[in-house]
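Ligands are counted one by one from 1 in listed order, and the atoms in each one are counted from 1 as well. Everything numeric in this text was worked out from a predicted model, so none of it was measured.
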Amino acid sequence: MGKLLQSRGFSVTIQKFDPYINIDPGTLNPYEHGECYVTDDGGETDLDLGHYERFLNVRTTKANNITTGRIYNNVITKERHGEYLGKTVQVVPHITDEIKRNIFQLGETGQYDFIITEIGGSVGDIESLPFVEAVRQVRWDLGANNAMVIHLTLIPYLKAAKELKTKPTQHSVKELLSYGIQPDILVCRTEHPLSMEIRKKLALFCNVNLNSVIEAMDADTIYDVPLLMKKEKLDERVLAKLKVTTKHEPDLEQWKGFLGKLKNPTSEVNIGLVGKYVSLPDAYKSIAEAFIHAGAQNDCKVNLKWISSEEITKETVENVLGQLDAVLVAPGFGERGLEGKIEAIKYVRENKVPFLGICLGMQCAVVEFARNVLGLDASSTELNPKSKHPVIDMMEEQKKITTKGGTMRLGAYACKLKKGSKANHIYGDTLIHERHRHRYEFNNKYLEQIEEAGLKAVGINPDSNLVEVVELKDHPWFIGVQYHPELRSTVLNPHPLFVKFVAAALEHKSN
Ligand code: GLN
């Protein structure tokens with residue numbers, strides 16, 4: 001919906017409300033919650049914000065992801081500052097007002113024609129009640145021409161009876177009505193097309209216009225969804241309800257160009273992703289999506305092979321990595337599988353297989369190099385606090401921090417690329433900005449020694465002198481980055497590092 005409105009010339013932002021108590025998802029286990037998505041302004045946010053950016057090609061901020069924890073934290077902080085002096089602080093109106101403030105805040109920037117606010121969870125959840133009540137009030141405050149409610153609902157399919165069931169939707173709409181909310185549009189998730197009969201039934205029993213029953217069928221790729229929604233005229237319904245005249249018909253030419261390339265690859269590569277959370281691909285959502293963007297750009301299908309770092313040892317490495325056209329070593333925290341990552345990097349370094357190391361992956365590349373090229377008994381202090389040669393070490397400022405959540409080096413930082421380096425060619429620029437999320441850094445005490453032996457620090461933060469990019473001399477493609485390039489890859493702006501990494505994999509394959 002956001003994409004369609006944007007394609008008509010409107011400016012759109014999307015916001016996610018998560019009804020859990022954590023202040024933000026920064027402290028959640030990726031196994032439970034998938035990747036933590038980092039915004040330019042250093043927000044640790046829900047992975048849905050990654051989709052918002054990939055689709056809209058517009059930056060999100062901390063203000064785009066709000067949890068119950070954040071809302072209560074704000075209200076309780078105000079209470080301690082005496083802002084409600086003399087009053088009993090309650091869910092209604094104080095919590096709901098704070099939720100509304102967070103919706104209107106995006107509107108007050110004046111940057112957007114549309115603000116889409118997504119509420120996580122399901123209708124009927126105890127946790128989401130204050131959010132639902134806030135939505136009721138927003139609709140009342142702004143009036144029916146300025147705010148509308150869209151209910152996303154599941155139409156289950158009974159295989160044995162070959163039948164779609166509308167009853168759960170009827171019930172959730174009833175539940176919404178009991179909260180004082182009449183949805184304007186139903187978006188119906190379904191595995192099979194909705195017949196006219198089903199649409200009529202939904203319209204009649206849920207009090208929505210027939211043309212506001214929108215079919216949302218399972219798609220081959222999430223990137224098909226805007227076109228499917230356009231076919232269902234979701235955007236037209238939104239504009240009609242809000243009495244907004246369109247700026248122009250949807251212009252989705254570039255989007256369709258991307259889909260055409262995505263669906264008609266002329267080549268194929270196998271790229272290994274070595275990580276810890278490989279049983280839950282959502283843990284590396286942005287990396288997987290960045291490969292989709294970069295693959296399309298290269299007219300190439302990227303088959304990602306998910307490899308658990310614990311699987312890799314001296315004995316197995318050849319077997320596990322031998323058939324791959326390139327290897328990416330993933331980000332991560334405090335790992336057992338680290339030795340496997342180091343073994344993988346030794347293999348790709350020696351065998352000249354294209355390599356991209358991201359964050360922990362870059363740190364492992366430095367440790368591997370220090371150990372196997374310089375012959376040092378090296379490590380990262382994250383894994384061995386007593387390491388004799390801590391080539392990766394915690395920053396001084398980080399050592400004082402004991403609290404968790406929002407305390408890492410977070411958000412976009414500048415990085416200067418050395419002229420003539422591979423990274424410089426890839427970016428076509430010498431000054432870049434990329435997003436970070438880590439506590440440990442390249443230890444500059446070892447900089448000279450490491451560079452002399454051939455691993456070059458080609459990207460440096462101009463303010464702190466921290467090493468952000470390393471690349472190996474005499475290797476076709478070996479790059480490690482301390483930041484997360486995957487977070488900035490979008491459909492319309494595939495990330496150059498991923499684009500060129502896939503190209504390097506293709507090149508390696510053809511050799
Ligand atoms: N664990 C490492 C650090 O904190 C790397 C973090 C990451 O890969 N995002 O520095």
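- The pair E53-R435 counts as a salt bridge, with a side-chain nitrogen and a carboxylate oxygen less than 4.0 angstrom apart.
- Contacts between M408 and ligand 1, counted as non-hydrogen atom pairs separated by less than 4.0 Å, are absent for every part of the residue.
- A salt bridge links E468 with R409: the distance from a Lys NZ or Arg NE/NH1/NH2 to an Asp or Glu carboxylate oxygen falls below 4.0 Å.
- Checked by distance only, ligand 1 and Y440 come closer than 3.5 Å through their nitrogen or oxygen atoms.
- Under a 4.0 angstrom heavy-atom cut-off, R409 registers as lying outside contact with ligand 1.
- Heavy-atom distances between Q363 and ligand 1 reach below 4.0 Å in at least one pair.
- Between Y277 and Y284, the angle of the ring planes lies from 30° to 60°, which puts this pair in the tilted group.
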With a 3.5 Å cut-off and sequence neighbours excluded, list the donor-acceptor pairs that the side chains of residues 108-115 form with protein atoms.
from : atom 1 : to   : atom 2 : distance (Å)
T109 : OG1    : L106 : O      : 2.7
T109 : OG1    : Q111 : N      : 3.2
D113 : OD2    : S11  : N      : 2.8

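- Remark: of the listed residues R70, K16, K285, K62, K16 is the sole one forming a salt bridge (charged side-chain N to carboxylate O under 4.0 Å, His left out) with D46.
- Remark: ligand 1 and F333 share no N or O pair separated by less than 3.5 Å (distance only, no angle test).
- Counting heavy atoms closer than 4.0 Å to ligand 1, residue E441 contributes nothing at all.
- The shortest N or O to N or O distance between L360 and ligand 1 is under 3.5 Å.
- Using a 4.0 Å cut-off between charged side-chain N and carboxylate O, R189 and D218 make a salt bridge.
- When non-hydrogen atoms are compared, ligand 1 lies under 4.0 Å from the backbone of R437 (N, CA, C, O) but not from its side chain.
- Looking from atom 7 (C) of ligand 1 to the surrounding protein, the closest heavy atom is C359 SG, 2.9 Å.
- Annotation: salt bridge (Lys or Arg N to Asp or Glu O under 4.0 Å) contacts involving residues 265-275, sequence neighbours excluded, are absent.
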